[in-house]
A.B. asks: 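Below you'll find the structure I mean.
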Amino acid sequence: MKDLSVYIRQMMLRDFGVEKQLKLAQSRVLVIGAGGLSCPALLYLHAMGVGHIGIMDDDVVEMHNLHRQILYRLQDVGAYKVDAARTALEARGTQTLITTYREKLNTNNARALIQQYDVVLDGSDNFETRYLVNDVCEQCNTPWVYGSVYAYEAQVAVFQWSFEGYTTNYRDAFPEAPGEAEIPACDEAGILGIFPGIVGQLQALEVIKLISGMGTPLHHQILHIDMKTFNTYPVAIVPRRKSLSGKTI
């Protein structure tokens, strides 16, 4: 049993309490990617008491990462991100078990990995990985939290989560990936350091809601955010699939 005293302030909240804290302590969350979205998400999932976090990334820390990937320090440049992230999180001294995967998600490892976890947070930055996460999470009946940032706009959504007997998936919103020239990567378009931090925290919040049962996760919609004005608006997704009986979080 974990020492819950570190979480006392959130357990004081009405409708949260010890019961939901214990759900966090018993949960397993896989974070795919250890970049700008994932770094703040990892900090809060870890600090709030998620019991087991998996981190998957095959990349190393580079100098240009430091303005937005807030887990890393100058001395981490050249180190594998999963190793530096684990060191940074474990230095905080909380009781979360961390498993790292120094590899890229692919069709050979995705199912065996994802089925070990209750929720997936996708912090990747490419469509190939997002479609793979989506398809394997559908096969495993595992909810996953999507986030993306492009220039001054952002999106957050929850897929493969049952609401009113139906689930939505990424392909319902984006049946086909855009062409390479349609949406340039951040190394071409640029990115303001704080933006992925905001989105990663929103993703972490959705994970906490999924695990604990607090509130209602985003369902059958994508939340769009204009980062310059902070205007937000939901775009509805028509659910096409009846939910499957599967994991209970």
Side-chain angles (χ1 to χ4, degrees), residues 27 29-33 37-38 41 105 107 110-111 113-115 117-185 189 195-196 198-249:
S27 67
V29 177
L30 176 64
V31 176
I32 296 175
L37 297 173
S38 299
L105 192 77
T107 55
R111 185 180 178 91
L113 180 60
I114 286 173
Q115 66 186 3
Y117 290 87
D118 302 312
V119 183
V120 173
L121 186 153
D122 178 32
S124 66
D125 60 359
N126 64 86
F127 289 99
E128 180 184 1
T129 301
R130 290 172 189 158
Y131 282 105
L132 178 59
V133 169
N134 178 78
D135 295 346
V136 175
C137 282
E138 182 175 29
Q139 295 168 17
C140 297
N141 198 28
T142 300
W144 69 283
V145 180
Y146 155 76
S148 70
V149 179
Y150 173 67
Y152 298 105
E153 298 181 1
Q155 298 178 342
V156 181
V158 174
F159 296 112
Q160 288 307 125
W161 178 69
S162 176
F163 182 78
E164 296 181 343
Y166 287 86
T167 61
T168 47
N169 96 23
Y170 187 72
R171 291 184 184 274
D172 294 333
F174 305 104
E176 296 182 0
E180 292 184 8
E182 294 181 61
I183 302 183
F195 288 170
I198 294 168
V199 176
Q201 290 179 71
L202 292 175
Q203 288 182 273
L205 175 60
E206 292 303 301
V207 170
I208 296 297
K209 288 158 66 176
L210 284 166
I211 293 168
S212 69
M214 174 198 72
T216 305
L218 291 166
H219 55 80
H220 307 343
Q221 63 182 300
I222 296 178
L223 180 66
H224 286 252
I225 307 167
D226 182 328
M227 289 293 193
K228 283 186 173 180
T229 64
F230 222 68
N231 289 332
T232 63
Y233 59 94
V235 175
I237 306 172
V238 177
R240 301 178 185 175
R241 298 165 179 78
K242 286 200 169 183
S243 60
L244 304 172
S245 58
K247 297 178 182 176
T248 301
I249 300 175

A.B. asks: Please examine the side chains of Val238 and Asp172, heavy atoms only from C-beta on, and report whether any two atoms are closer than 4.5 Å.
C.D. replies: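 The answer is no; the side chains never approach within 4.5 Å.
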A.B. asks: Can you name the nearest heavy-atom pair linking Ala41 to Ala204, along with the distance?
C.D. replies: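 That would be CA-CB, 3.9 Å.
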A.B. asks: Give the ring-plane orientation class for Tyr170 versus Tyr131, where under 30° counts as parallel, over 60° as perpendicular and anything between as tilted.
C.D. replies: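 Perpendicular: the ring planes of Tyr170 and Tyr131 meet at over 60°.
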A.B. asks: Applying the salt bridge (charged side-chain N to carboxylate O under 4.0 Å, His left out) test to Asp135, which of Arg130, Arg171, Arg111 qualifies?
C.D. replies: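 Between Asp135 and the candidates, salt bridge (charged side-chain N to carboxylate O under 4.0 Å, His left out) is satisfied uniquely by Arg171.
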A.B. asks: Distance check, rounded to the nearest 0.5 Å: Gln203 atom CD versus Leu37 atom CG?
C.D. replies: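 Gln203 CD to Leu37 CG: 5.0 Å, rounded to 0.5 Å.
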A.B. asks: To the nearest 0.5 Å, what is the distance between CG (Leu202) and CG (Leu223)?
C.D. replies: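 With rounding to 0.5 Å, CG (Leu202) is 7.5 Å from CG (Leu223).
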A.B. asks: To the nearest 0.5 angstrom, please state how far the CD atom of Gln155 sits from the NE2 atom of His224.
C.D. replies: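 That separation rounds to 4.0 Å.
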A.B. asks: Which pair of non-hydrogen atoms, one from Pro143 and one from Leu210, has the smallest distance, and what is that distance?
C.D. replies: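 Result for this residue pair: CB-CD1, 4.3 Å.
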A.B. asks: At what distance, to the nearest 0.5 angstrom, does OG of Ser38 lie from CG of Asp125?
C.D. replies: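 Between atom OG of Ser38 and atom CG of Asp125 there are 9.5 Å.
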A.B. asks: Please test Ile222 against Phe174 for side chain to side chain contact (heavy atoms under 4.5 Å, CB included), starting from the C-alpha separation and ending with a verdict.
C.D. replies: CA-CA 11 Å; Ile222 296 178; Phe174 305 104; 3.6 Å; yes
A.B. asks: Any heavy-atom pair between the side chains of Val119 and Glu206 that's under 4.5 Å?
C.D. replies: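 Not touching, per the 4.5 Å side-chain cut-off.
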A.B. asks: Can you tell me how far the CD atom of Gln221 sits from the OH atom of Tyr233, to the nearest 0.5 Å?
C.D. replies: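 Result: 12.5 Å between the selected atoms.
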A.B. asks: Do Cys137 and Ile114 have side-chain heavy atoms sitting under 4.5 Å apart?
C.D. replies: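 In contact.
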A.B. asks: Between Val31 and Val207, does the side chain to side chain contact (heavy atoms under 4.5 Å, CB included) criterion hold? Intermediate values first, please.
C.D. replies: CA-CA 10 Å; Val31 176; Val207 170; over 6 Å; no
A.B. asks: Return the CG to CG distance between Asp226 and Asn231, rounded to the nearest 0.5 Å.
C.D. replies: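 Interatomic distance, Asp226 CG to Asn231 CG, rounded to 0.5 Å: 6.0 Å.
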A.B. asks: Please find the pair of heavy atoms, one from Thr168 and one from Pro239, that lie closest to each other, and give the distance.
C.D. replies: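 Of all heavy-atom pairs spanning Thr168 and Pro239, the closest is CG2-CA, 3.5 Å.
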A.B. asks: Between Leu105 and Glu128, is any pair of side-chain heavy atoms under 4.5 Å apart?
C.D. replies: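 No - every pair of side-chain heavy atoms lies 4.5 Å or more apart.
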A.B. asks: Is there side-chain contact between Thr167 and Phe159, with heavy atoms separated by less than 4.5 Å?
C.D. replies: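 Answer no - side chains too far apart.
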A.B. asks: Heavy atoms, side chains only, cut-off 4.5 Å: are Thr216 and Trp161 in contact?
C.D. replies: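 Side chain of Thr216 against side chain of Trp161, heavy atoms only: contact under 4.5 Å found.
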A.B. asks: Would you mind reporting whether Ile211 and Val29 have side-chain heavy atoms less than 4.5 Å apart?
C.D. replies: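 When only atoms from C-beta onward are counted, Ile211 and Val29 do touch, with a gap below 4.5 Å.
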A.B. asks: Is the ring centre of Phe163 less than 6.0 Å from the ring centre of His220?
C.D. replies: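 Between His220 and Phe163, which both carry aromatic rings, the centre distance is below 6.0 Å.
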A.B. asks: Of the options Tyr152, Phe230, Phe195, which is the one that meets Ile225 in a side-chain contact (heavy atoms from CB on, under 4.5 Å)?
C.D. replies: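 Filter result, single survivor: Phe230.
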A.B. asks: Could you tell me if Ser148 and Tyr150 have a donor-acceptor pair between their side chains, going purely by distance under 3.5 Å?
C.D. replies: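 Not at all, the side chains of Tyr150 and Ser148 share no donor-acceptor pair under 3.5 Å.
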A.B. asks: If you measure only the distance, is there a donor-acceptor pair under 3.5 Å linking the side chains of Ser124 and Asp122?
C.D. replies: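 Side chains of Ser124 and Asp122: pair found under 3.5 Å.
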A.B. asks: Looking at every non-hydrogen atom in both residues, tell me the closest pair between Val158 and Pro217 and how far apart they are.
C.D. replies: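 Closest approach of Val158 to Pro217, heavy atoms only: CG2-CB, 4.3 Å.
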A.B. asks: Any side-chain heavy-atom pair from Val136 and Val120 closer than 4.5 angstrom?
C.D. replies: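 Result no, sub-4.5 Å side-chain heavy-atom pair not found.
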A.B. asks: Closest approach of Glu138 and Asn169, non-hydrogen atoms and distance?
C.D. replies: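 Result for this residue pair: OE1-ND2, 3.3 Å.
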